[in-house]
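One structure below.
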Amino acid sequence: MKEPHEPHEDRTAYAAGGGGPAGQRRSPLPIVVGTDGSPRAGLAVEWAAEEAGRTGRPLHVLHAIERWPCDMPFHPAPGLGESRTESGARILAEAVDLALKARPDIEVTTGLVEEAPAEALRQAAFGAYETVIGNRGLGGLAALLLGSTGLKVAGHVPGPVIIVRGEPEETHGEVVVGVDRSGESALALRYAFEAARVRGAWVRAVHVWETSLIEADGAYPAAIREAAASAANLLVGAVTPWRDRYPEVRIIEQAVSGHPVGELVERSAHADLLVVGVRSNCGGRHGLHLGSVSHGVIHHAPCPVAVVRARP
């Protein structure tokens, strides 16, 4: 089984659709998708296959077999390892069939590893263009909107992580991206514009500003007008470099007041993808932190969500 391609030095060039340094053509980084054989994982595999076809990248399907206590040396369970390996191979074979049915034109490789699923995906993400997971799996807490593996991966690995939410339906031709005052917004905007370009879609850039002031007699106080103008200017400044870089992508800018999670979820009701950035936090595990807005939208958005984080 072929392992994911190793990351090359010029990641930005490939992330923008380029081919690396002049005269040095390298294989593009793969799209990695995790599967546990569940229906939601199947949707993630299909989404990842379509993404691989759109972007001209290979697809790597990963299945992790987590060690059980009975696998420990002093208490072996005869035949258990073989049966779990066989089950994993079957899950991968079914995933490959799903992927090739969706996009017969893509290259598909597989990986079967003995590791906790979240850790296996974290390791694979270092050599991936993006990492794709379903929004719930086969765990005992399947009633949760996002499974434990998804929570451990989204915002905690380098590069974009896509949580495939929603049900398969016709495309809407729109990518929604959340914009705030952080430096991570540039990463989210770059990813959103590139995603829109390969889809022939619009970008809807949304900046949500919050206020505790109350309207009086139907008129906005001066402070609210100033806050609205500041929010609009911030959004224009953030979007302009990407509008210039992607002139073929149409853009809608919306600076609105409200709660960021609610506004982004509402505006993604007819989107093909919702993109948010994630902030670094030196105090968190691996120096990362999934913020409240990212956490909220990946639980409630009606469409796939891309959580974008800088690579080390």
Side-chain angles (χ1 to χ4, degrees), residues 11-12 15-17 31 33 44 47-48 50-51 54-55 57 125 128-133 135 146 150 153-166 171-208 234-235 238-243 245-246 249-256 260-280 288-311:
R11 301 172 191 235
T12 301
I31 292 168
V33 59
W47 191 96
E50 292 288 354
E51 182 82 342
R54 280 189 294 262
T55 60
R57 295 177 179 277
Y129 171 71
E130 60 190 18
T131 307
V132 183
I133 55 177
N135 73 317
L146 183 68
V153 173
H156 294 263
V157 301
V161 173
I162 292 84
I163 300 93
V164 179
R165 295 185 51 80
T171 58
H172 300 284
E174 183 171 298
V175 174
V176 174
V177 56
V179 179
D180 62 18
R181 297 180 182 275
S182 70
E184 285 73 16
S185 283
L187 295 172
L189 281 162
R190 180 179 69 180
Y191 182 85
F193 270 83
E194 183 63 19
R197 184 190 68 80
V198 298
R199 289 168 170 78
W202 292 73
V203 165
R204 183 182 299 273
V206 181
H207 172 60
V208 184
L234 181 150
L235 184 56
V239 167
T240 295
W242 305 104
R243 184 199 299 274
R245 185 170 177 176
Y246 291 87
V249 175
R250 295 173 292 179
I251 173 75
I252 301 170
E253 299 170 21
Q254 291 185 319
V256 298
V261 173
E263 295 296 333
L264 289 172
V265 168
E266 179 179 349
R267 281 163 175 75
S268 64
H270 299 290
D272 298 322
L273 186 66
L274 171 60
V275 184
V276 292
V278 64
R279 300 181 182 182
S280 296
L288 309 174
H289 174 67
L290 186 62
S292 59
V293 174
S294 300
H295 192 279
V297 298
I298 63 177
H299 278 83
H300 301 294
C303 67
V305 177
V307 179
V308 184
R309 182 198 167 246
R311 297 184 184 275

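None of these values were measured; they are calculated from a predicted model. Quick note: residue numbers are just sequence positions, from 1.
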Minimum heavy-atom separation for [X] and [Y], please, with both atom names.
{"X": "V203", "Y": "A192", "value": "CG2-O, 3.8 Å"}
{"X": "A44", "Y": "V132", "value": "O-CG1, 3.7 Å"}
{"X": "V33", "Y": "A48", "value": "CB-CB, 3.8 Å"}
{"X": "V305", "Y": "V297", "value": "CG2-O, 3.8 Å"}
{"X": "S294", "Y": "G277", "value": "OG-O, 3.0 Å"}
{"X": "R311", "Y": "P160", "value": "NH2-CD, 4.2 Å"}

Those residues at least two apart in sequence (or on a different chain) that pass salt bridge (Lys or Arg N to Asp or Glu O under 4.0 Å) with E51 are R54, R199
For R250, the salt bridge (Lys or Arg N to Asp or Glu O under 4.0 Å) test, sequence neighbours excluded, returns none
What distance do [X] atom [atom1] and [Y] atom [atom2] have between them, rounded to the nearest 0.5 Å?
{"X": "Y246", "Y": "I251", "atom1": "OH", "atom2": "CD1", "value": "12.5 Å"}
{"X": "I162", "Y": "L274", "atom1": "CD1", "atom2": "CG", "value": "11.5 Å"}
{"X": "T55", "Y": "E50", "atom1": "OG1", "atom2": "CD", "value": "11.0 Å"}
{"X": "L264", "Y": "R204", "atom1": "CG", "atom2": "CZ", "value": "11.5 Å"}
{"X": "T240", "Y": "L235", "atom1": "OG1", "atom2": "CG", "value": "9.0 Å"}
{"X": "E263", "Y": "Q254", "atom1": "CD", "atom2": "CD", "value": "9.0 Å"}

Between [Y] and [X], is there a side-chain heavy-atom distance shorter than 4.5 Å?
{"X": "R309", "Y": "P158", "value": "yes"}
{"X": "I31", "Y": "W47", "value": "no"}
{"X": "V249", "Y": "W242", "value": "no"}
{"X": "E266", "Y": "P302", "value": "no"}
{"X": "Y191", "Y": "L273", "value": "yes"}
{"X": "R267", "Y": "V256", "value": "yes"}

(message) Could you check whether any side-chain N or O of H207 sits under 3.5 Å from a backbone N or O of V179, counting only pairs where one atom can act as donor and the other as acceptor?
(response) yes
Exercise. Mark yes or no for whether D272, through its side chain, and V175, through its backbone, hold a donor-acceptor pair below 3.5 Å.
Key: no
Sequence neighbours excluded, the answer for side-chain hydrogen bond (donor to acceptor under 3.5 Å, both in side chains) partners of R243 is E253
Would you call the rings of H172 and H270 parallel, tilted or perpendicular, where under 30° means parallel and over 60° means perpendicular? perpendicular
